[in-house]
Structure formats: C-alpha cells, structure tokens
Amino acid sequence: MLKVGLIGVGGISGAHIPAWDAMEDVELCALCDVRPERMEEYRDSKRCYTDLDTMLENEQLDILDICLPTYLHADTAIRVMDRGIHVLCEKPISLKMEDVKRVYDAAKRNRVCFMVAHVLRFWAEFELVKAIYEDGRYGKLLSGTMCRLNAWPLWSWDGWMSDEKRSGLVLYDLHVHDLDFLVYMLGKPNAITANRSLRADQDYMMATYTYDDFFITCEASWYAGRYPFSSSFRFQFEDAVVSFNQGVLVAYLRDGRVIKLMEQEGNSPDVLGLPDLGPYANEIRYFTDCVLAGKPADKIKPSELEEVIRLLDSFKK
Ligand SMILES: NC(=O)c1ccc[n+]([C@@H]2O[C@H](COP(=O)([O-])OP(=O)(O)OC[C@H]3O[C@@H](n4cnc5c(N)ncnc54)[C@H](O)[C@@H]3O)[C@@H](O)[C@H]2O)c1
C-alpha cells in the first residue's frame, strides 16, 4: 500500500483528496497546510501537520501531492524528491523556465517519478478531440478556438493569485491549461500573435497560435465582478465542427448529422475507452501506476513544459 501525503489543503485539494481516498492501493494518510482550520474536516482519518519538515520526519511517504501556490511548486518538489519521495505537482510547474530542468534533474538523480498535474490531458472530452485530430476521421484540422473565462480570483490564500510574481495571473494560472493541451495535441506553433488587457482587478488575453496548415485562437480572462467560470473549445475539421460547450461534446457534421460524442453506445470509433473516474482521478491513477511500475510519468514531457513557458513569456515582450 503506497503512503501518500498532500500539501496545500486549499481550493484544488478538494478535487485531489477524494480521488486519492477512492483508490484502494494507496492511502492518503497525511495532510499539511499552514492553516490548521483547512484540515479540520479530515482530522478523523488523516494526520495533519502545519509544517512540511515535521510531516516528512514523522511519515514514511512514497508520494507527495503538491497543491501549494504556484511560486512554491519547484523548490518544494526538489526538496521532497531529494528525500526519495515521488512528486505529483499541481500546474503550472513554475513561472521560470530554468525550474523545469532543475525539477527534472532532481527526479533523475533521485530516481523518482515527477509529474505536473495538467488535468486536461486526462479529461475525456479533450482526449477525444485529440484522438479525432490524430485519426483524421473528420478530415484535416482547419482552425480551432479555446476559451477559459473566470472572475478575478479573490479567494486564494494570502491573495497570492492576485500577485503577478507569485501566480503569473491569467497567463500562467488559467491560459496555461489550454496552451499545455495545444502543445500536447499539436506540438510547437510556428508563430504567436498575442494581445492582453491587464489592469489592477482584471486580466484578459487573446492569442493566435499559427501552425503550418491551421491556426488556433485562445481567450482567457479574470474579469472584474462575478463573471462565471466557463471552459469551451471548437475545432473546425474539413468534415465536422467539434464543439465542447457547457460540458457537452458535439460533432456537427457537414452532412447534417449532429452527434453527442460522449453519449454514443457500442464500439463506435467516436467512443473513448477511458474509465469513468473523472479527470482528477484519471491523472492521479496514471501517476500512481507509473510509480508502481517504476517508469517515468512521461505523458507530460519537460520539453513541452518549457515550450509553454517560452510561449507565455512572449506575451511580456
Ligand atoms: N488543475 C486545476 O484545475 C487547478 C485548479 C485550481 C488551482 N490549481 C493550481 O493549484 C495550486 C493551488 O491553487 P488553489 O486554488 O488550491 O490555491 P489556494 O490558495 O486555495 O490553496 C493553497 C493552500 O496552500 C496553503 N499553503 C500556503 N503556503 C503553504 C506552506 N508553506 N505550507 C503548507 N501549506 C501552505 C494555503 O494555506 C492554502 O490552503 C495552484 O498552483 C493553482 O494554479 C489547479
């Protein structure tokens, strides 16, 4: 039974903790957060710490799940891997390019698994559009658009998300999801055209990534006010538009058919063979299986993480 600890019991831990708890071959036995009240509801089933070193001294952990604010990811991951512990770390790996090599060097010298939890790579609808692109069932890709909108995040601990130096704002916190997926699915773009409107309480960006035969536009926002979260995409292929909107993935075929792709029964090539775990559970399962098999968690590659930071850095120029 693998022993797991989790540090950073904030917003996203609410998706990770139940996913670990649902697994039968691991035990999420310890939590750590500087705010003891965040761990109150788990005290019956887990040992709780307010300091990482104390947790590491008291627990024999195989895996640490890092759900800390972004600016703490790389140094914490290296510190923990240097004690021989495998690390799953929330996105993004860092705001700094040089951290990618530092982190992967630490994983290599300690012979442990490291993975950034880029959850869209484990999200059934996103996996399916990637499969559609790769098998060409609807012809060649002509264009795409990806959209991720939210309100300015006022809820983060210590206001760290509102601090560009600690979170990277919309680019590194929100758009990084879609950009990582684009680099995963389509590789490096040839060119980027980017626009951004940044003020003290709102941040909006739009970018066009140009490839040889198609282009992809992306939007991301933290609007002022209580704008609701949404994530959507639309990929235009020669024979169909594949649209993900309000959680539903639909193919609008040029012959007039409209297909709800995730609802199809049987052995249609449109159906994805992923277990119904939910994306966070899928990524955690994948990482744990890599640890158990003693192989690198290389679905997410350091070269891809570096490419994403390089593209995000180009917004600053
Ligand atoms: N994959 C996703 O869908 C997704 C969604 C939201 C956030 N995230 C990422 O997850 C990370 C955390 O985001 P969040 O929204 O949960 O933030 P948050 O502010 O809600 O939570 C961070 C937690 O870390 C704790 N903390 C801070 N410093 C600490 C320390 N030194 N030791 C122990 N605990 C400490 C805070 O008390 C807080 O509870 C970010 O990097 C963010 O980009 C990912």
Side-chain angles (χ1 to χ4, degrees), residues 5-20 30-42 46-57 59 61 64-80 87-96 99 103 115-123 125-126 146 148-181 184 203 220 222 229-231 247 278-284 286-287 300 305 308-309 312:
L6 183 148
I7 184 165
V9 189
I12 196 57
S13 75
H16 287 223
I17 293 172
W20 286 115
L31 300 176
C32 178
D33 199 292
V34 287
R35 295 183 293 173
E37 69 276 14
R38 290 293 310 174
M39 300 180 285
E40 214 44 60
E41 63 178 294
Y42 304 109
K46 300 168 202 327
R47 291 175 291 279
C48 299
Y49 300 89
T50 52
D51 163 69
L52 176 61
D53 287 329
T54 314
M55 176 163 84
L56 296 177
E57 277 157 28
E59 303 287 336
L61 298 179
L64 184 75
D65 182 358
I66 299 179
C67 295
L68 289 169
T70 297
Y71 66 101
L72 299 171
H73 288 177
D75 287 350
T76 309
I78 292 168
R79 204 166 127 203
V80 169
V87 168
L88 176 67
C89 180
E90 255 308 337
K91 48 56 60 176
I93 184 169
S94 174
L95 309 180
K96 292 183 266 174
D99 280 345
V103 167
M115 189 177 95
V116 182
H118 272 297
V119 72
L120 294 189
R121 296 185 187 219
F122 301 88
W123 204 289
E125 287 84 353
F126 286 77
M146 301 185 85
R148 195 163 291 273
L149 307 176
N150 208 353
W152 187 276
L154 298 172
W155 55 84
S156 65
W157 164 78
D158 194 27
W160 71 269
M161 276 198 198
S162 301
D163 178 355
E164 185 159 22
K165 289 196 172 58
R166 293 195 284 170
S167 74
L169 304 180
V170 148
L171 299 178
Y172 293 80
D173 197 78
L174 210 56
H175 178 51
V176 71
H177 283 286
D178 292 324
L179 184 55
D180 173 78
F181 186 77
Y184 173 52
D203 187 5
W222 284 349
F229 174 76
S230 67
S231 155
Y280 295 96
N282 286 334
E283 75 184 352
I284 285 172
Y286 168 80
F287 177 74
I300 294 155
L305 300 172
V308 166
I309 295 178
L312 292 175

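Heavy-atom basis, side chains included; hydrogens, waters and symmetry copies ignored. Note that ligands are numbered from 1 as they come in the structure, with each ligand's atoms numbered from 1 the same way.
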> Considering only heavy atoms, which of Ile93, Ile12, Val116 lies nearest to atom 5 (C) of ligand 1?
Replying inline: Ile12
> Heavy atom under 4.0 Å from ligand 1: found in Leu68's side chain, backbone, both, or neither?
Replying inline: both
> Looking only at heavy atoms, which two atoms of Pro92 and His73 are closest? And how far apart?
Replying inline: O-ND1, 2.7 Å
> Parallel, tilted or perpendicular for Phe126 and Phe181, by the 30°/60° rule?
Replying inline: perpendicular
> Any N or O of Val119 that comes nearer than 3.5 Å to an N or O of ligand 1?
Replying inline: no
> With a cut-off of 4.0 Å, which atoms of ligand 1 are near a heavy atom of His73?
Replying inline: 41 (O)
> Using 30° and 60° as the class limits, which term best fits the ring planes of His177 and His118: parallel, tilted or perpendicular?
Replying inline: perpendicular
> For Ile7 and ligand 1, does the shortest N/O to N/O distance drop below 3.5 Å?
Replying inline: no
>> Considering both backbone and side-chain atoms of Asp33, is one of its nitrogen or oxygen atoms within less than 3.5 Å of a nitrogen or oxygen in ligand 1?
In response: yes
> Heavy atom under 4.0 Å from ligand 1: found in Asp51's side chain, backbone, both, or neither?
Replying inline: neither
> At under 4.0 Å between heavy atoms, which part of Cys67 makes contact with ligand 1: side chain, backbone, both or neither?
Replying inline: backbone
> Does any N or O atom in Lys91 lie less than 3.5 angstrom from one in ligand 1, N or O only?
Replying inline: yes
> Roughly how far, to the nearest 0.5 Å, is the CZ atom of Arg166 from the CG atom of Leu72?
Replying inline: 8.5 Å
> Any N or O of Ser156 that comes nearer than 3.5 Å to an N or O of ligand 1?
Replying inline: no
> What is the ring orientation for Tyr286 with Phe122, classed by angle as parallel under 30°, tilted 30 to 60°, or perpendicular over 60°?
Replying inline: tilted
> Do NZ/NE/NH1/NH2 and the carboxylate oxygens of Asp33 and Arg38 come within less than 4.0 Å?
Replying inline: no
> Looking at Cys67 and Gly8, what are the two nearest heavy atoms and their distance?
Replying inline: CB-O, 3.3 Å
> Should the proximity of His177 to ligand 1, defined as any heavy atom under 4.0 Å, be assigned to the side chain, the backbone, both, or neither?
Replying inline: side chain
>> Looking at every non-hydrogen atom in both residues, tell me the closest pair between Thr50 and Met39 and how far apart they are.
In response: CG2-CE, 4.2 Å
> With respect to atom 13 (O) of ligand 1, which of Tyr172, Trp160, Tyr280, Trp157 exhibits the smallest heavy-atom separation?
Replying inline: Trp160
> At a non-hydrogen distance cut-off of under 4.0 Å, which region of Asp158 contacts ligand 1 (side chain, backbone, both, or neither)?
Replying inline: neither
> For the side chain to side chain contact (heavy atoms under 4.5 Å, CB included) test, which of Ile93, Val87, Val308 pairs with Val116?
Replying inline: Ile93
